[in-house]
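A note on names: the letters A, B, ... follow the listed sequences, proteins ahead of strands, and every chain is numbered from 1.
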Amino acid sequence: MSLAVEIAGVRLKNPLIAASGTFGYGVEYEGLLDLSLLGGIVSKGLYMEPRDGCPTPRIVETPSGLLNAIGLQGVGAPAFVRDVLPRLARYDTAVFVNVCGDTVEEYAEVARVLAGAPGVAGLEINISCPNVKKGGMAFGGDPRMTHEVVAAVRKATRLPVIPKLSPNVADVALFARVCEEAGADAVSCINTLLGLVVDVEARRPKLAFGTGGLSGPAIRPVAVRMAWQAARAVKIPVIGIGGVSSAQDALEFLIVGCRAVQIGTANFVEPGVYARVLAGLEDYLGRHGLDDVNAVVGTLRFPGEGAEAGSEG
Amino acid sequence: MPANRDVALVAREVLEGAYVLLTFRHPEVAREARAGQFVMIKAGTSADPPLRRPFSILAVDPERETFSLFLKAVGAGSRALADLPPGGAAQCVGPLGRPFEPPSDGSEALMVAGGYGIAPFLLFVRELRRAGRTGRVFYGGRTVADLQVREPFTALGVSLVPATEDGSLGHRGRVTAPLEEYLDGGPGPATLYACGPDAMMRAVARVAERRGLPAQVSLDPWMGCGVGTCLGCVVRIQRPDEPQAKYRCACTEGPVFDAATVVWPGEAASLARRRAVEVKG
Ligand SMILES: Cc1cc2nc3c(=O)[nH]c(=O)nc-3n(C[C@H](O)[C@H](O)[C@H](O)COP(=O)(O)OP(=O)(O)OC[C@H]3O[C@@H](n4cnc5c(N)ncnc54)[C@H](O)[C@@H]3O)c2cc1C
Ligand SMILES: Cc1cc2nc3c(=O)[nH]c(=O)nc-3n(C[C@H](O)[C@H](O)[C@H](O)COP(=O)(O)O)c2cc1C
């Protein structure tokens, strides 16, 4: 049975990738779980310089989800290359780096720093963080800026370029197409949904930053819908993200057309989630008489379309 | 090395005032836990509330491979744990975090606990005793029901000084009063340790500052993952050589910190930094 997939020329031993900001730099989980079990990991978002992030409280629980405003606290790209990459080299897993910037030029600069470093499989371009005043969602919510950032990173590196789409837009397919035109090799879909939780006694937001990004099982139906729309709009691979914590959840994304799936919030709840999801995927393939996970990708039978339309008559 | 395990509740003892003692089987925690370390644990697998909760490790039994928690039910997560039936399932990772360090010199360990903040000190007095050291516990709470873990300390021959705000046990008032009284009596050199509500820890830190004593505090901010990846539990820490305070994860760089490096809410710099600048300038 084969679980291997290919994203932008990178072979992953299975379609499960740890999502940015929910897995640290990977090394935090050394000893707790076998990193070589994962198809890949995406680092926490990195700028050129270290960042302090937002004041606290930074996270609040919501029904079946989390609202977070961490604000991209991080060590900066050069320290990551120097201190973290050598430690990750021991593991048989693809390392992607989540690239951030206040300006278009900074995105390209971070990309150049990482392009010269051994052990980076690809760059995920964070144009969708809702918790920073500059860059982030401001870029990913504007097709022209999206094009500019992706094209600038494309010029800066030969590594696979994977913009991460924001769900806080009306037409995610349009943004997926803009990324494809700007030279992206794949897209990640989605980042967190902009949200607000109010402390009614104090009549203030519960998060110190005010608004935050919603993640977890609560957003899965929205994420699956957006991944489905993106996958129909472009030829480059789509990596599905949002509320995955079981094989069933991962399969939803694969079936609507994603080639791989990221797991975010579930890492906090259950550090051993990967082994369980992988076992579930194998079980599913077995039950359906399939020997390759790629055979599931894009097999959604949507009412009113294709074969399904005929069979309904 | 911490380990993630599905655990089962081995024993449960319901105490007064929403407190409960819970015992789970987890070999790594039972073998390796040090005083001040904690577990992230959640009853069952329900999606609500989504996350695990941090609890200090109260006691361990390496032979039976079990550990115990002293837990107060305050909200959905702790209540679900407190309501677990014997044999009930939980998900647990541990032991996590930086433990208390015994006094670096021969000084006496003065432990100040507020409510469930007593939990880490039972392991600590055992560690001190193994190292041939002595200690004394100052145990405060609103009322006597908040001071339920006394017998295990007295059984070990440790002196325990209770204080309650309503006077139902020991000194009436704040726990720092008997601490100061003891220090006024001019004992030998002392190191202070505190675990409890923020206001109490800050008060102990002030006592330490005034008297020039070293102090360690076990902070308890909200925690999401316990392993340093969600960055939700960060606290402002400033070491003497750092011009700016840094957000550091309480779960991996704490929960125990040198009190002098903590930048308390409303303060511009840590005590350690202020002292360093004074010396230089
Ligand atoms: C390192 C560490 C060790 C701990 N050890 C123990 C222990 O040994 N025994 C024990 O009973 N508790 C302990 N706690 C606190 C415990 O984790 C919280 O009470 C628990 O997470 C509350 O979860 P809940 O779902 O029951 O309540 P929630 O619904 O999350 O909260 C209920 C109420 O408690 C408040 N609250 C939540 N967390 C905290 C906190 N950390 N400090 C102060 N107020 C809070 C909330 O603001 C709310 O008002 C510890 C915390 C930390 C960080
Ligand atoms: C605490 C937290 C921090 C995050 N940090 C980042 C980040 O640095 N960069 C990024 O692109 N996405 C970040 N995300 C978004 C996740 O990578 C993911 O897109 C989102 O949480 C949805 O997936 P999930 O429902 O599986 O968590 C973060 C999410 C959370 C909960």
Top of A:K44, A:E30, A:E270 for chain B proximity - count of heavy-atom pairs under 4.5 angstrom: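 Among A:K44, A:E30, A:E270, the one with the most close pairs to chain B is A:E270.
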If we define contacts as heavy-atom pairs under 4.5 Å, which of A:A266, A:S64, A:G272 has the most with chain B? A:S64
Checking B:Y116, B:F38, B:F55, B:Y19 against B:F70 for ring pair (Phe, Tyr, Trp, His ring centres under 6.0 Å), the one that qualifies is B:Y19
Using a 6.0 Å distance limit plus a 45 degree cone around the ring axis, check whether A:R51 lies over the aromatic ring of B:Y247.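 No, A:R51 does not lie over the aromatic ring of B:Y247.
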Within 45° of the axis and under 6.0 Å from the centre of the six-membered ring of B:F100, does NZ or CZ of B:R34 qualify? no
Quick check for you: among B:C225, B:A47, B:C230, which has the greatest number of heavy-atom pairs under 4.5 Å with chain A?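 Max contact count across the listed options: B:C230.
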Pick from B:V227, B:V235, B:T252, B:V234 with the largest number of heavy-atom pairs that fall under 4.5 Å of chain A: B:V234
Please classify the contact of [X] with chain B as side chain, backbone, both or neither, using a heavy-atom distance under 4.5 Å.
{"X": "A:T22", "answer": "backbone"}
{"X": "A:Y29", "answer": "side chain"}
{"X": "A:P55", "answer": "both"}
{"X": "A:L66", "answer": "side chain"}
{"X": "A:T265", "answer": "neither"}

Would you give the length of the straight line joining atom CE of B:M201 to atom CH2 of B:W264, rounded to the nearest 0.5 angstrom? 6.0 Å
Taking side chain as everything from C-beta outward and backbone as N, CA, C, O, which of these in [X] sits under 4.5 Å from a heavy atom of chain A? Side chain, backbone, both or neither.
{"X": "B:A245", "answer": "backbone"}
{"X": "B:N4", "answer": "both"}
{"X": "B:R5", "answer": "neither"}
{"X": "B:V93", "answer": "side chain"}

Would the distance check show the side chain of [X] and the main-chain N or O of [Y] forming a donor-acceptor pair, the cut-off being under 3.5 Å?
{"X": "A:R220", "Y": "A:G243", "result": "yes"}
{"X": "B:R12", "Y": "B:L84", "result": "yes"}
{"X": "A:N14", "Y": "A:L16", "result": "yes"}

Kindly assign one of parallel, tilted or perpendicular to the pair A:F23 and A:Y274, based on the angle between their ring planes and the thresholds 30° and 60°. perpendicular
Tell me yes or no: between the side chains of B:T143 and B:D166, is some donor less than 3.5 Å from an acceptor?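 Per modelled atom types, B:T143 and B:D166 side chains form a pair under 3.5 Å.
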